[in-house]
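Just below is one structure, and these are the notes that go with it.
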Amino acid sequence: MKLTVLASAVLAIALGSASAYSDEVKVGALMGITGPLANFIPPILNAARLAEKDVNDGGGILGGEKFTLVVVDGQAAAQPSVDAASKLVNLENVAAIMGGLSSGATIASANAVSIPNGVLQVSPTSTSPAMTDMEDNDFLFRIVPSDNYQGQVLAKMVLEEQLSKVAVAYVNNDYGVGIAGTFKAAYESMGGTVTAFEKHEDKKNSYRGELATMASSGAEALVVIAYAGGSGAKIVKQSLENGFFDRFVGTDGLRDDLLIEQIGAEALATTFFSAPTSPDDNPVGEIFHTRFDEEFGEGSDKPFVDQSYDATMLIALAIEKAGTTDRSKVRDALREVANAPGEEVGPGDWKKAVALLADGKDINYEGVSGSHEFDNNGDVAGFIGKFVVDGDSYKQIAIFK
Amino acid sequence: MSAEGLAFYLIGFLTMGGIYAVLCLALNMQWGFGGLFNAGIAGFYAVGAYTAAILTSAGAASHVGGFDLPIVIGLICAGLLAGITAWGIARVCVRLKADYLAMASIGFAEIIRLVVINEQWLTNGSLGISRIPRPLEMVFSGRQAEIVYVVFVWLLVLLTYVVSQRLSRSPWGLVMRAIRDNDVAADSIGKNVQRFRVEAFVVGSVFMGVAGALSAHYFKFFSPDATEPLLVTFLCWVMLIAGGSGNNRGAIAGALVVWAIWSMTEIITSHLPIEWASRSAYLRMLLIGLFLQVVLQRYRQGLLPERRTTPVQAR
């Protein structure tokens with residue numbers, strides 16, 4: 001049948017091209033290129049490419065071999081992500097996988113492919129609390145803090161501001177539900193009272209009904225866990241216009257320049273925000289962002305650019321440390337290169353890192369998006385910053401760890 | 001690439017392909033034999049997946065669950081509950097003619113999706129249900145478990161195939177075809193058209209629920225993004241039409257061929273230079289569309305067209 005011929009031709013091409021380069025080290029990048037996250041992808045992918053370039057410009061990996069990213073499209077959904085990961089692991093024979101962007105795609109591909117096949121997977125963006133206690137034989141890591149973490153830190157921040165009664169408005173997706181749930185639990189256990197706890201759908205025109213109910217509950221401030229562009233800015237605006245609330249607390253989703261444009265800095269004077277941040281005055285961040293914009297023209301301020309670079313770089317370092325592409329050894333090496341103690345290396349320090357590893361020294365990668373100290377679950381604590389409005393942008397005033 | 005790698009890629013491919021084969025056989029019972037235009041496949045798939053997930057997963061504080069029941073019971077309940085849901089929906093809409101039934105079933109699937117996202121106490125909402133077991137997990141681990149699971153999936157494909165094949169040759173199946181081809185004529189010789197349609201709708205949906213349960217066990221995790229209509233409803237329709245509606249083997253062949261096109265086009269596009277990475281993903285979507293056009297143009301009746309069925313001889 002013609003289709004069989006076609007299918008075997010496809011396989012033959014794949015076989016041919018796969019065997020053409022044998023002296024390269026391949027790492028998979030499981031991205032959601034098409035699908036709901038499509039808009040976020042180009043800068044995230046560029047960051048991973050910059051890491052690839054840094055390794056190759058710095059003399060290659062494992063004694064001069066070429067470091068190659070194989071990019072596949074998981075469409076940010078479970079079925080295609082599992083299929084794409086299977087191709088990476090079984091056909092491309094990658095040493096490790098960077099990715100899984102949405103938590104659903106990451107967890108499904110890890111469960112069905114990476115964990116049974118014993119392949120290290122490092123997600124740059126998945127924040128689902130479910131990943132913490134997965135039975136993953138230590139093959140699944142991520143370099144963003146779990147939603148649980150930001151929720152707990154936010155609770156601490158709110159109480160430090162002497163706010164003991166708040167209402168919470170959160171968007172009905174894994175981001176909003178995750179942070180709101182842990183915020184409520186942590187806040188109440190520390191003695192605060194949540195007077196109203198309302199979820200809402202994104203992108204509606206009016207939230208006045210929900211807000212009116214919440215305003216009558218006697219809260220001192222409104223905690224908004226939503227994206228500014230989706231519902232967050234509207235909620236703040238309608239609260240102010242109708243006099244429902246005059247004080248707000250936001251998360252990283254709300255901390256968007258768009259909010260200041262729409263509301264104005266004066267009205268937000270008492271508002272503060274929590275957001276994952278980099279360690280104190282991180283100079284490597286600025287250098288990295290300048291380099292990124294020189295290379296690609298723009299995009300260094302886009303979400304998850306830093307994490308994507310760091311995840312790729314950590315995998316490369318782990319392979320170099322392991323001295324082989326053997327998958328379990330790469331997994332074992334990841335904590336050694338990421339966690340303290342050890343000589344600190346940063347983004348763009350590939351040559352230095354290779355030299356240190358060659359001398360048998362221990363290294364500790366301090367990345368653009370944080371210092372990445374993995375705990376036993378493969379999670380990072382990360383840093384959560386407290387931000388306030390300053391003119392037409394935001395200023396970090398404290399860091400919580 | 002090693003031979004072992006290729007073998008395990010094929011195992012993964014066949015697992016997903018097998019799940020689609022069950023879905024496709026189920027749709028064949030509804031559309032192929034009964035002419036029922038079900039455009040809400042994703043809804044029944046979701047009901048089955050969540051039923052199995054809730055009944056078999058380990059305990060969780062955030063939602064109902066932790067019954068830790070055996071997988072077989074989960075599968076049976078998944079089928080039953082999808083069937084009961086289908087019965088309720090069928091009572092309301094099976095009287096509707098083809099395209100109206102399509103609209104109504106899309107509506108119900110959307111309702112089910114919204115229930116799943118919003119009823120957090122039941123489904124854990126958009127965070128999804130995790131720690132769903134797979135069969136014989138205690139005994140086999142790692143790559144062995146992959147082999148066990150592909151066998152498990154294909155046993156269920158076989159079961160669905162046998163049921164569908166028996167049904168299609170039974171007197172019931174012949175009446176269904178008569179209704180599909182001319183419901184007025186079937187009515188005039190005293191067949192209860194309504195009842196037969198409801199039955200076909202329910203039986204098909206039972207197996208859609210089973211397919212959902214199989215996915216949940218395969219991913220060991222289930223969240224609403226896996227019920228995306230493009231990946232369930234739309235793809236399943238393409239598979240059945242490409243494979244040959246009305247023919248059970250055609251349904252299985254269609255599922256495998258279309259899933260192969262879906263999966264294997266990426267093997268080509270992922271070898272394009274990395275500057276092309278984001279473009280090649282869209283190129284792949286284009287290729288998939290092109291392949292499907294070719295299949296549908298070349299084989300109008302599907303790869304394996306429907307054949308005249310000989311009824312099972314009365315014994």
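So that the names make sense, note that chain A is the first sequence line, chain B the second, and so on, each numbered from 1.
Neither the backbone nor the side chain of A/S81 comes within contact range of chain B, judged by heavy atoms closer than 4.5 Å. Residue contact with chain A, scored on non-hydrogen atoms closer than 4.5 Å, is absent for B/V294. Both the backbone and the side chain of B/A226 come within less than 4.5 Å of a heavy atom in chain A. Using a 4.5 Å cut-off between heavy atoms, A/V72 touches chain B through backbone and side chain atoms alike. Contacts between B/S263 and chain A at a heavy-atom distance below 4.5 Å involve backbone atoms as well as side-chain atoms. With a threshold of 4.5 angstrom between heavy atoms, B/N118 approaches chain A through its backbone and through its side chain. B/R131 touches chain A through its side chain: at least one heavy atom from C-beta onward sits under 4.5 Å away, while N, CA, C and O do not. With a 4.5 Å cut-off on non-hydrogen atoms, B/I129 does not touch chain A at all. Of the two parts of A/A105, only the backbone, made up of N, CA, C and O, holds a non-hydrogen atom closer than 4.5 Å to a non-hydrogen atom of chain B. The contact between B/Y20 and chain A is made entirely by side chain atoms (from C-beta outward), counting heavy-atom distances below 4.5 Å. Using a 4.5 Å cut-off between heavy atoms, B/E146 contacts chain A through its side chain alone, with no backbone atom that close.
A donor-acceptor pair under 3.5 Å is absent between the side-chain atoms of A/N172 and the main chain of A/K199, judged by distance alone. One N or O on the side chain of A/R331 and one on the backbone of A/N137 form a donor-acceptor pair closer than 3.5 Å. Side-chain N or O atoms of A/R327 include one that pairs as donor or acceptor with a backbone N or O of A/V94 at under 3.5 Å. Under the 3.5 Å distance criterion, the side-chain polar atoms of A/R142 are matched with a main-chain donor or acceptor of A/S126. Here the side chain of B/D68 pairs no donor or acceptor atom with the backbone of B/A58 at under 3.5 angstrom.
Among the candidates A/A78, A/S128, A/P42, the residue making the largest number of heavy-atom pairs closer than 4.5 Å to chain B is A/A78. The residue among B/F222, B/F13, B/W262 with the most heavy atom pairs within less than 4.5 Å of chain A is B/W262. The most heavy-atom pairs under 4.5 Å with chain A, out of B/F219, B/Y218, B/F8, come from B/F219. Between chain B and the residues A/A76, A/G104, A/A38, the most heavy-atom pairs under 4.5 angstrom are made by A/G104. Between chain B and the options A/S103, A/A130, A/P80, the largest number of non-hydrogen pairs under 4.5 Å is found for A/P80. Of the listed residues (B/M16, B/E228, B/Q120), the one with the most heavy-atom contacts under 4.5 Å to chain A is B/Q120.
B/I11 and B/V150 make their closest contact through O-CG2, 3.7 Å (heavy atoms, listed as atom of the first residue, atom of the second, distance). For the pair B/V258 and B/M239, the tightest heavy-atom approach, listed with the atom from each and the gap, is CB-CG, 3.6 Å.
In summary, A/E135 and B/K220 do not engage in a salt bridge, as defined by a charged side-chain N under 4.0 Å from a carboxylate O. We find that A/K53 and A/E295 are joined by a salt bridge, their nearest charged nitrogen and carboxylate oxygen being less than 4.0 Å apart.
Between B/Y149 and B/F152, the ring planes lie tilted relative to each other; the angle falls in the 30° to 60° range.
Side-chain rings of A/Y170 and A/F183 stay apart, their centers remaining 6.0 Å or farther from each other.
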